[in-house]
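Everything below concerns the one structure shown next.
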There are 2 protein chains.
Amino acid sequence: MSSTHTHSKKSQSLTKNQRIVLDLLQNSGEPLKAYFILDSLKKEGLNSPLQVYRALDKLVELGKIHKIESINSFIICNNSNCASNTAFTICERCGKVKEIKNKYLTDGVSDLVKDNQLEITRYNLEFYVLCKSCKIN
Amino acid sequence: MSSTHTHSKKSQSLTKNQRIVLDLLQNSGEPLKAYFILDSLKKEGLNSPLQVYRALDKLVELGKIHKIESINSFIICNNSNCASNTAFTICERCGKVKEIKNKYLTDGVSDLVKDNQLEITRYNLEFYVLCKSCKIN
DNA sequence: ATTACATATGTAATATTATAACACTTAGAG
DNA sequence: CTCTAAGTGTTATAATATTACATATGTAAT
Ligand SMILES: [Zn+2]
Ligand SMILES: [Zn+2]
Ligand SMILES: [Zn+2]
Ligand SMILES: [Zn+2]
């Protein structure tokens, strides 16, 4: 090994708390609430709400997760790069959330914004739907 | 006057609590928080959070006001009929909120939704901007 | 290695936002 | 009038989020 430890990639420089919160959201795939995260990670050493909220804030800032405001929950980012523009479907019946990947839709919205000269820095789109399993029942 | 008292128009059938909450939001024009509304209407006889939340819930249901989830606030509906589809700009610096009236934008989004066969029941669009006064300073 | 700085941590206390439970009242339909 | 749905008033409590402050850690320059 050379003397320069080049493996300290910036993208991997999450702290312990940030890492365990991110891992939980990653493994879950669903939106999780802050206090649920806290309960789930008690055994990993998280003791207070603030530890969770600080990790969540940072991860949102880094674009690795998103907050879904209408349900006070956080979800892993499903796209490679949202540039802090987000779009979700939310089932009105069961609350299930999915990040929208449809590039045509998001590009279309971006175009509309440009056409209207709205000087928007970012957007959050929440589409309410009836999900497949709720439609059946 | 005929014996049928037809002046009990459904659209005016708000209860006292619903009416005073709606009036406050109407007069303000800004997004207000539930507990601010409570404080403001103490003198009108509102004593508990529930009285406010119940009135707000009903007014949202009637489409007369909207909730802006990301700031836990409520604002009077600025349009004649949103059909529960909403779109707002939110200033990232000062938090100022405006309901978007731009029909081209909202219709455009509706078209995108149709084109993508997304079967959406309603949507909420939050566009983050830098408002005029914040841009100057 | 020492310093300086920015960032993160741990902890307790507290603030803010929202709902549950229950007894009672009112308005409108038939 | 009687019945019912909706609304009210009140107390207590749950759920979500932040303030404050002392301590620790990572990074880079000296
Ligand atoms: Zn994303
Ligand atoms: Zn569903
Ligand atoms: Zn509206
Ligand atoms: Zn502003």
Side-chain angles (χ1 to χ4, degrees), chain A residues 3-25 31-62 64-75 95 97, chain B residues 2-25 30-62 64-75 95 97:
Chain A
S3 59
T4 56
H5 26 111
T6 44
H7 63 284
S8 68
K9 288 171 64 179
K10 207 80 182 182
S11 63
Q12 293 184 344
S13 65
L14 294 181
T15 65
K16 182 203 151 216
N17 288 356
Q18 290 160 11
R19 168 56 55 193
I20 61 178
V21 169
L22 182 63
D23 284 349
L24 181 62
L25 285 165
L32 301 182
K33 287 171 172 279
Y35 277 73
F36 175 89
I37 293 171
L38 176 57
D39 285 342
S40 302
L41 296 178
K42 282 259 166 72
K43 49 184 176 300
E44 314 285 344
L46 283 197
N47 293 307
S48 83
L50 196 47
Q51 293 176 300
V52 174
Y53 281 109
R54 286 199 281 224
L56 289 170
D57 284 351
K58 189 66 188 182
L59 293 169
V60 166
E61 190 188 319
L62 294 173
K64 295 188 178 300
I65 67 175
H66 302 303
K67 180 171 188 181
I68 300 154
E69 296 287 354
S70 56
I71 52 173
N72 302 312
S73 299
F74 300 83
I75 192 170
V97 173
Chain B
S2 75
S3 60
T4 57
H5 27 111
T6 44
H7 64 285
S8 67
K9 290 172 61 182
K10 206 81 181 180
S11 64
Q12 293 184 346
S13 67
L14 294 181
T15 67
K16 182 204 149 213
N17 288 356
Q18 290 159 11
R19 168 56 56 194
I20 61 178
V21 169
L22 181 63
D23 285 348
L24 181 63
L25 285 165
E30 290 182 330
L32 301 181
K33 287 172 174 276
Y35 277 74
F36 175 88
I37 293 171
L38 176 56
D39 285 342
S40 303
L41 297 178
K42 281 259 165 73
K43 49 184 173 304
E44 314 284 344
L46 283 198
N47 293 308
S48 82
L50 246 198
Q51 294 175 299
V52 175
Y53 281 109
R54 287 197 281 223
L56 289 170
D57 284 351
K58 190 66 187 182
L59 292 169
V60 166
E61 190 188 319
L62 295 172
K64 294 188 178 301
I65 67 174
H66 301 303
K67 179 170 189 183
I68 300 154
E69 296 287 355
S70 57
I71 54 173
N72 301 312
S73 300
F74 300 84
I75 192 169
V97 172

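These values consider heavy atoms only, across backbone and side chains, with no hydrogens, waters or symmetry-generated copies.
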Any B:N17 side-chain nitrogen or oxygen under 4.0 Å from OP1 or OP2 of D:dG9: yes
Measure the distance from CG on A:L32 to C1' on D:dT16 and round it to the nearest whole Å. 15 Å
Pairing partner (Watson-Crick or G-U wobble, both distances under 3.5 angstrom) of D:dT30: C:dA1
Examine C:dT9: is either OP1 or OP2 under 4.0 Å from a nitrogen or oxygen in the side chain of A:T15? Give yes or no. yes
Any donor and acceptor pair, going by atom type alone, linking the side chain of A:K33 with main-chain N or O of A:I71 inside 3.5 Å? yes
Any chance you could measure B:S70, atom OG, to A:I68, atom CD1, to the nearest 0.5 Å? 13.5 Å
Distance check needed: C:dT19 P versus B:L56 CG, whole Å only. 11 Å
If you compare every side-chain N and O of B:K33 against the phosphate oxygens of C:dT17 (OP1, OP2), does one of them come in below 4.0 Å? yes
Think A:N47 has a side-chain N or O under 4.0 angstrom from the OP1 or OP2 of C:dT11? yes
Rounding to an integer number of Å, can you tell me how far A:I71 CD1 sits from D:dT16 C1'? 14 Å
Taking the side chain of B:P49 as its heavy atoms from C-beta onward, which of C:dG10, D:dA17, C:dA18 lies nearest to it? C:dA18
Tell me which of B:N72 and B:K58 sits closer to the 5' end of DNA chain D, going by the nucleotide each one is nearest to. B:K58
Does a nitrogen or oxygen in the side chain of A:Q51 sit under 4.0 Å from OP1 or OP2 of C:dT9? no
Hey, could you give me the OH/CZ distance between B:Y53 and B:F74, rounded to the nearest 0.5 Å? 6.5 Å
Going by 5.5 Å between centroids and 30° between planes, is there a stack of B:Y35 over C:dT17? yes
Length of the CD-P vector between A:E61 and C:dA8, whole Å: 8 Å
Which comes earlier along DNA chain D counting from the 5' end, the contact point of A:R54 or that of A:A34, where each point is its nearest nucleotide? A:A34
Taking for each residue the nucleotide of DNA chain C with the nearest heavy atom, is it A:L46 or B:F74 whose nucleotide lies nearer the 5' end? A:L46
Rounded distance in Å - CD (B:E44) to P (D:dT8): 14 Å
Rounded to whole angstroms, how far apart are CD on A:E69 and C1' on C:dT17? 13 Å
Which distance, rounded to the nearest 0.5 Å, do you find between the CG of A:L22 and the CG of A:N17? 12.5 Å
A:L50 side-chain proximity, nearest of D:dT19, C:dA18, D:dT11: D:dT19
A:Y53 OH to C:dA8 C1', in whole Å, measures 19 Å
Between D:dT18 atom P and A:D57 atom CG, what is the distance in whole Å? 7 Å
Partner of B:V21 under side chain to side chain contact (heavy atoms under 4.5 Å, CB included), picked from B:L38, B:I65, B:L59, is B:L59
